[in-house]
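Taking it in order: structure first as structure tokens, then the write-up.
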Amino acid sequence: MRVAVVCASHYGATKGIAERIGAELRLAGIDTEVFDAAEPPHAEKVAGFDAFVVGSAVYLGHWLAAASTFVRHHQPTLLEHLVWLFSSGPLGTADTDADGVDLREINVPAEIADFSTTVRPVEDRVFFGAIDPGALSLPHRMIRKFPGAAEKIPAGYFRNWPEIEAWARDIARTLVKAPR
Ligand SMILES: Cc1cc2nc3c(=O)[nH]c(=O)nc-3n(C[C@H](O)[C@H](O)[C@H](O)COP(=O)(O)O)c2cc1C
């Protein structure tokens, strides 16, 4: 069983999630490689994997282009294999917005509706993310200056490692039971 974890990350928070998922899968005895979606494996190599975990940071409601491109480019292969999708994600210490709605639900990126039918993932998950305001590009800093934006995009590290590790262990359990 060989698994590819492919992620698109602007500042590294999502890459960290992908690496943690990869580490958990390896701990479960699964041969796992982690790739940056901006430098994806070539098609022949992709065809050699039995399952895929694909994730992206979310910006303004969308996945980063490199992750979407990977899914669209390899859609026929992905559809024939077990696929999990993840996104990162909401920020802050509250799980819900002012109306009590789960931030993970509100922040499901636009691409997931499409991918739900085109690659039929076993599951798609939204995890809380992280931003370091000092590391942001000028356009991203400008966006955070819009009225109300800084409250919606608070700075800090909000990745929930136990939740991420538990999800990876669920994936491992499914893979161990899956027919080759
Ligand atoms: C300008 C800007 C816009 C963002 N838009 C969203 C968004 O629409 N939805 C969301 O859940 N997170 C959003 N985020 C949060 C980050 O994408 C998220 O926390 C992520 O973990 C960053 O990952 P990266 O370091 O891998 O790029 C935004 C962050 C910034 C700076």
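In this chain, residues are counted from 1 in sequence order. Note that ligands are numbered from 1 as they come in the structure, with each ligand's atoms numbered from 1 the same way.
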Return the residue, atom name and 0.1 Å-rounded distance of the protein heavy atom closest to atom 25 (O) of ligand 1. Ala13 N, 2.9 Å
CZ of Arg72: more than 12 outside heavy atoms within 6.0 angstrom? yes
In ligand 1, the atoms that come under 4.0 Å of a heavy atom of Gly129 are 19 (O), 21 (O)
If we only count N/O pairs under 3.5 Å, is Leu60 in contact with ligand 1? yes
Arg159 (side chain) donor-acceptor with Ala130 (main chain) under 3.5 angstrom: no
N/O separation below 3.5 Å, Arg144 to ligand 1: no
Hydrophobic cluster membership, with links at side-chain heavy-atom distances under 4.5 Å among I/L/V/M/F/W/Y: are Trp161 and Val53 in one? yes
Judged by heavy atoms only, the candidate from Val126, Ile106, Leu136, Leu103 nearest atom 31 (C) of ligand 1 is Leu136
Polar contacts were defined as any N/O atom of the residue lying under 3.5 Å from an N/O atom of the ligand; does this apply to Ala57 and ligand 1? no
Of all protein heavy atoms, the one nearest atom 14 (N) of ligand 1 is Val58 O, 3.2 Å
For ligand 1 and Gly12, I'd like to know whether there is a polar contact (N/O to N/O, distance under 3.5 Å). yes
Just heavy atoms, cut-off under 4.0 Å: does Ile153 contact ligand 1 by side chain, backbone, both, or neither? side chain
When hydrophobic residues are tied together by side-chain contacts of less than 4.5 Å, even through go-betweens, does Val58 share a cluster with Phe128? no
Point-to-point distance, once rounded to the nearest 0.5 Å, from CG of Leu25 to CE of Met1: 10.5 Å
Which of the ligand 1 atoms, numbered from 1, are nearer than 4.0 Å to a heavy atom of His140: 1 (C)
For Phe70 and Phe52, take the angle between the two ring planes, folded into 0 to 90°, and tell me which bin it lands in: parallel under 30, tilted 30 to 60, perpendicular over 60. tilted
Check whether Thr77 reaches the backbone of Ala47 with its side chain - one donor and one acceptor, N or O, closer than 3.5 Å. no
Give the numbers and elements of all ligand 1 atoms closer than 4.0 Å to a heavy atom of His10. 24 (P), 26 (O), 27 (O)
Quick check against the 3.5 Å criterion: does Glu111 have a side-chain atom that pairs as donor or acceptor with the backbone of Trp63? yes
Going from CZ on Phe86 to SG on Cys7, what distance comes out if it is rounded to the nearest 0.5 angstrom? 6.0 Å
Ligand-residue contact atoms, ligand 1 with Leu91, heavy atoms, under 4.0 Å: 15 (C), 19 (O)
N/O donor-acceptor pair under 3.5 Å between Arg2 side chain and Asp31 backbone: no
Out of Ala150, Pro133, Gly89, whose heavy atom sits nearest atom 18 (C) of ligand 1? Gly89
With under 30° as parallel and over 60° as perpendicular, where do the rings of Phe49 and Phe35 fit, or are they tilted in between? perpendicular
Give me the residue, atom name and distance of the protein heavy atom closest to atom 27 (O) of ligand 1. Tyr59 OH, 2.6 Å
Heavy-atom contacts with Ala130 under 4.0 Å: which atoms of ligand 1 show up? List them by number with element. 19 (O), 20 (C), 21 (O), 22 (C)
Which ligand 1 atoms does Pro90 reach within 4.0 Å, using its non-hydrogen atoms? 11 (O)
How far is atom 21 (O) of ligand 1 from its nearest protein heavy atom, and which residue and atom is that? Ser88 OG, 3.0 Å
For atom 9 (N) of ligand 1, closest protein heavy-atom neighbour: Asn107 OD1, 3.1 Å
Lys/Arg-Asp/Glu bridge criterion (N-O < 4.0 Å) met for Asp95, Arg104: yes
Going by the order shown, which atoms of ligand 1 are within less than 4.0 Å of some heavy atom of Gly61? 7 (C), 8 (O)
